[in-house]
Amino acid sequence: MPDQYETVANAKIGILMGSSSDWPTMQAAAKTLRDLDVPYEANVISAHRAPRRLEHYCGSAEERGIRALICAAGGAAHLAGVAAALTPIPVLACPMKAWSLEGLDSLLSMAQMPKGIPVATFAIGSAGATNAALFSVAMLAGTDEAIDARYRAFRKAQSDKTFPLPPIEG
Ligand code: RP5
């Protein structure tokens, strides 16, 4: 079973997607983790196309050192909820714009988890992907001084940026 998904030895965050069609959007999460030097792994494991693989992945993630899962899916978007049902580690959900409704279907599917199995849901699309990654970094920062320092530096650099307006045309 492990050879049906890729693991990274020291990964702290697992990105899961329902389809490779989610990857163009979810690269924003991967890039954010990469830029903040947080080890991660990324896999396509659909909750409905590969449920047993998902069960295996989620069942072994904690013991491999994964501290949070970022789950992206579109449409019925049950990946995050099923993953959260299979592991106690925090699950952050990224709603994808799939084939209809501009991602509102995915957002509601993810946000409307029945009580007892928590899923933290972010914005539709790449903004949510970026913020889910930043949120996972903020979680890790509580117990890792080096990650904490990088996260604070990122936030400060963002705050220090100025946005000069271009001159009036004409
Ligand atoms: C979901 O259905 C995936 O997460 C994706 O967002 C959507 C469409 O998947 P594909 O038909 O492109 O594989 O399961």
Side-chain angles (χ1 to χ4, degrees), residues 1-140:
M1 193 65 79
D3 62 345
Q4 293 184 356
Y5 51 78
E6 286 184 6
T7 58
V8 170
N10 60 342
K12 299 219 176 310
I13 305 297
I15 298 174
L16 291 180
M17 291 157 278
S19 169
S20 53
S21 64
D22 300 324
W23 181 231
T25 305
M26 290 310 292
Q27 286 184 31
K31 184 176 180 309
T32 301
L33 295 172
R34 184 194 67 190
D35 290 351
L36 287 165
D37 203 12
V38 172
Y40 71 93
E41 59 193 30
N43 283 284
V44 173
I45 309 181
S46 165
H48 54 277
R49 292 171 180 149
R52 285 173 192 81
R53 194 178 310 159
L54 181 64
E55 184 174 13
H56 190 279
Y57 181 90
C58 292
S60 56
E62 188 177 22
E63 69 198 28
R64 291 194 299 105
I66 300 292
R67 301 274 303 279
L69 293 176
I70 297 173
C71 294
H78 36 250
L79 178 61
V82 175
L86 292 167
T87 177
I89 64 180
V91 171
L92 317 182
C94 296
M96 298 291 100
K97 274 186 199 172
W99 61 93
S100 63
L101 305 179
E102 296 296 310
L104 186 58
D105 46 352
S106 322
L107 173 66
L108 295 178
S109 294
M110 288 173 150
Q112 290 287 59
M113 275 299 288
K115 70 181 175 210
I117 301 294
V119 165
T121 302
F122 290 81
I124 298 165
S126 64
T130 299
N131 279 344
L134 289 174
F135 198 92
S136 72
V137 174
M139 285 170 24
L140 294 174

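Counting starts at 1 for both ligands and their atoms, following the listed order.
For the pair M96 and M26, the minimum side-chain heavy-atom distance is below 4.5 Å. Looking at E41 and Y5, their side chains never come closer than 4.5 Å, going by heavy atoms from C-beta outward.
For the salt bridge (charged side-chain N to carboxylate O under 4.0 Å, His left out) test, no residue two or more places apart in sequence or in another chain qualifies with E55. Partners of A84 according to the side-chain contact (heavy atoms from CB on, under 4.5 Å) rule, which considers only residues two or more places apart in sequence or in another chain, are V91, I117, V119. With sequence neighbours excluded, the residues forming a side-chain contact (heavy atoms from CB on, under 4.5 Å) with T87 are C58, L69, I89, listed by chain and number.
For ligand 1, the 4.0 Å heavy-atom shell takes in G18, S19, S21, D22, H48, R49, A73, G74, W99, ordered by chain and residue number.
For the pair M110 and A73, the tightest heavy-atom approach, listed with the atom from each and the gap, is CE-N, 3.5 Å.
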